[in-house]
Amino acid sequence: MSLQLDTTEWTPGAVTPSPSYPALVRSEVVRIYRRRLLRVVAVLLLGGVALVLGIAFLQSSKDIVIPPGLQERLEKRQEQALERWNRCAEGDFDGDPGATIEDYCGPEPVGADAPQLDWFIDDPRFLAVDNMPSVFLGVAGVMATVAFIIGASVGGAEWSSRSMTLQLLWEPRRLRLLSAKWLALIAVMIALALVMLAFALALAALTTQLRGSWDSATSDFWSEQFWVAMRGGLLISLAATVGLGIATALRNTGAALGAGFVYFAVAEFGVRFILAKYGPEPYLVSGNSAALLLPEGLEVPGKTVEVDEGGRSTYEMAESVLLTHGRAAVTLSLYTAVAAAAAVWSFQRRDVG
Amino acid sequence: MAVIEALDVHKTYRRFRKPPKAALAGIDLVVEEGGVHGFLGPNGSGKTTLLRCLLGLARADSGDMRILNAAVPKRLPAVIGTVGALLESPAFFPPYSGRSNLTLLATSQRISHQRVDDVLELVGLTDAATDKVKGYSLGMRQRLAIAAALLKAPQVLILDEPSNGLDPAGMKEVRELLRQLGNTGTTVLVSSHLLGEVQQICDDVTIVSHGRLVTSGAVRDVLAARSTGDVRVEVADLTTAQRVLFDAGITSEILDAGLVARAVADPSTVTKALAEANLYLSALTPIQADLEQAFLELTSDEPAIEGDVA
């Protein structure tokens with residue numbers, strides 16, 4: 001080591017640090033991107049996606065094999081169905097003058113309403129309309145979990161390595177530093193999710209092309225998937241925020257992951273069991289997360305109410321509550337805001353070092 | 001001009017199920033521009049706490065703090081670009097290389113990567129720049145931390161125990177570096193337990209104990225104030241010389257080191273008395289108080305702060 005200062009070149013203040021928020025966010029993106037955990041998780045996810053869709057590829061086929069004798073059995077079923085319908089249609093409907101034959105017997109089993117061949121065979125084709133939604137939902141669900149873990153890891157590692165102290169010696173505005181970390185985390189998580197989605201869609205598209213069919217995959221279908229992806233992005237962002245928030249408030253990755261585990265493995269079950277009468281389901285994270293992703297939202301049991309059967313007897317029944325996308329988004333955002341507020345409050349107030 | 005000012009700063013740590021601990025009890029610190037300023041105090045005296053308050057890492061309960069005339073912590077962001085700091089043990093991301101750690105800091109402030117290489121070279125870490133920090137020795141981490149502190153070419157450099165973990169050669173090199181920085185106009189505030197080190201490189205010193213200022217000033221003035229006036233007398237016949245001095249009203253002792261005359265206001269009185277008795281000196285050396293002695297005397301009788309449980 002020399003430690004010899006070239007005094008002819010050394011001028012105090014000669015280097016002018018030029019702090020800018022985008023530069024701060026960029027350095028945080030690099031910091032997260034270089035994390036080994038992120039790279040390991042990315043490789044595992046890519047491997048998992050390849051494995052699942054590889055199995056789907058191997059199990060799919062474009063050729064529909066009709067087992068011997070199935071055509072004859074189908075024709076017999078069609079005849080039997082028609083006979084049953086005819087017998088039904090000859091019945092007495094006098095008790096209900098406005099009723100039609102279809103009201104009592106259903107549509108006449110002919111043409112498209114007759115038993116079809118595909119009722120009796122498993123279609124081995126990889127159908128886009130059946131499988132693509134699983135790709136979108138799967139990537140969003142898995143990435144939300146990963147985002148929570150990475151968020152907790154990013155938040156906790158700064159404290160365990162004490163590098164937060166060093167960073168604050170460069171950027172003492174704590175809220176600015178924390179928000180840069182948050183933005184960088186969201187950016188990296190969304191980028192990773194897009195890579196995962198693109199990879200999964202590419203493999204699924206290849207499988208569909210070679211071993212399946214694009215039938216019924218209309219523009220409406222793709223529009224629906226697009227919105228699933230958008231809501232998935234929101235869920236991933238919220239999960240990352242909660243992970244970072246808890247780890248920042250507790251200053252520990254393990255504590256944040258433990259809190260997540262305890263919530264999902266213990267607290268939700270406990271609340272469902274103990275507070276069942278009050279219908280806690282619409283307020284739980286797992287139900288709202290599913291509702292946010294699913295195309296139609298999610299119906300969950302609500303409060304238990306007493307149903308009166310015309311004064312003869314009563315029984316208790318849980319109301320059905322529809323968790324719409326909007327309701328789920330608001331509920332999850334509120335919980336996320338609480339975690340973020342706890343993180344900001346503790347980070348702003350606490351002594352560091 | 002005062003570059004660093006901390007006046008009447010108080011800080012109390014509130015602890016769960018324990019009495020509060022007063023870390024700073026109205027401490028003062030004034031560091032003038034340029035040169036090297038030592039900051040001394042026993043363990044738990046509040047040195048690091050005050051530095052953390054000055055750098056915005058801890059919140060003082062009360063008091064007035066300024067760096068480069070900017071009120072701290074409110075206006076700290078305006079001057080932090082000209083302040084380099086190293087506090088206690090260096091903190092870096094262990095899985096990243098030394099260069100990566102510095103590059104991340106540089107990127108956030110749009111400092112060139114060439115500058116990163118320059119400071120790595122300055123602290124002798126060029127060869128280990130691409131090695132992961134988790135493989136660094138404590139001394140290498142300390143050098144990396146010094147490099148991080150120098151990355152901004154700071155006008156004010158605040159270092160807390162910069163020699164921690166360094167071998168004797170490394171400590172000497174750090175001393176020389178700090179002295180050189182002080183000579184170039186950088187204001188260096190260095191907290192250290194190594195009193196000899198501080199005495200060698202510092203122009204000024206502040207000594208604190210129990211969260212309060214004990215003394216402050218130029219090192220030579222602090223030492224002079226603690227000077228006893230003792231002089232070492234080198235003469236052939238020690239016993240006769242002691243008697244002559246006694247007759248002249250000067251108390252002396254014969255020690256292993258020779259004859260020591262105590263509390264001599266004017267050394268020429270020793271010379272004159274011995275010469276009149278035909279005893280001729282081969283040397284007359286004033287015995288200087290060293291910083292360690294001054295430090296121990298100044299900090300030994302300080303009362304503990306109310307509520308201080310340390």
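Computed from a predicted model, the values in this text were never measured in an experiment. Below, chain A is the first sequence line, B the second, and so on; all start at residue 1.
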For the residue pair Leu105(B) and Leu166(A), establish whether any side-chain heavy-atom pair is separated by less than 4.5 Å. yes

Do you know the tightest heavy-atom contact between Leu24(A) and Ser108(B)? CD1-CB, 3.8 Å

Smallest separation among heavy atoms of Trp170(A) and Ala148(B), with atom names: CZ2-O, 3.4 Å

What are the two closest non-hydrogen atoms of Ser163(A) and Phe92(B), and how far apart are they? CB-C, 4.5 Å

Between Lys134(B) and chain A, with a heavy-atom cut-off of 4.5 Å, which part of the residue counts as in contact: side chain, backbone, both or neither? side chain

Would the number of heavy atoms belonging to other residues, nucleotides or ligands and lying under 6.0 Å from CZ of Phe264(A) be above 12? yes

Note: vs chain B, highest number of non-hydrogen pairs under 4.5 angstrom among Arg35(A), Arg26(A), Glu28(A), Gln167(A) is Arg35(A)

Nearest 0.5 Å, please: how far is CG in Leu169(A) from CG in Leu87(B)? 5.5 Å

Main-chain N/O of Leu57(B) paired with Arg174(A) side-chain donor or acceptor, under 3.5 Å: yes

Could you look at Ala180(A) and say if it's the side chain, the backbone, both or neither that has a heavy atom under 4.5 Å from chain B? neither

Minimum heavy-atom separation for Asp351(A) to Arg59(B), with atom names? OD1-N, 3.0 Å

Write down the atom of Ser27(A), the atom of Leu104(B), and the distance for their closest heavy-atom approach. O-CD2, 3.4 Å

Does OH belonging to Tyr283(A) count more than 12 external heavy atoms closer than 6.0 Å? no

By side chain to side chain donor-acceptor pair (under 3.5 Å), which residues pair with Arg34(A), not counting sequence neighbours? Ser100(B)

Step through the shown structure and confirm whether more than 12 heavy atoms of other residues, nucleotides or ligands are within 6.0 Å of OH on Tyr21(A). yes

Can you tell if the side chain of Pro95(B) reaches within under 4.5 Å of the side chain of Arg36(A), non-hydrogen atoms only? no

Side chain, backbone, both or neither: which part of Lys11(B) has a heavy atom under 4.5 Å from chain A? side chain

Ranking Arg349(A), Met164(A), Arg350(A) by heavy-atom pairs under 4.5 Å to chain B gives rank one to Arg349(A)

I'd like a table of donor-acceptor pairs (distance under 3.5 Å, sequence neighbours excluded) in which one partner is a side-chain atom from residues 237-250 of chain A, with atom names and distances.
residue	atom	partner	partner atom	Å
Ser237(A)	OG	Gly233(A)	O	2.9
Thr241(A)	OG1	Trp182(A)	NE1	2.7
Thr241(A)	OG1	Ser237(A)	O	2.6
Thr248(A)	OG1	Leu244(A)	O	2.7

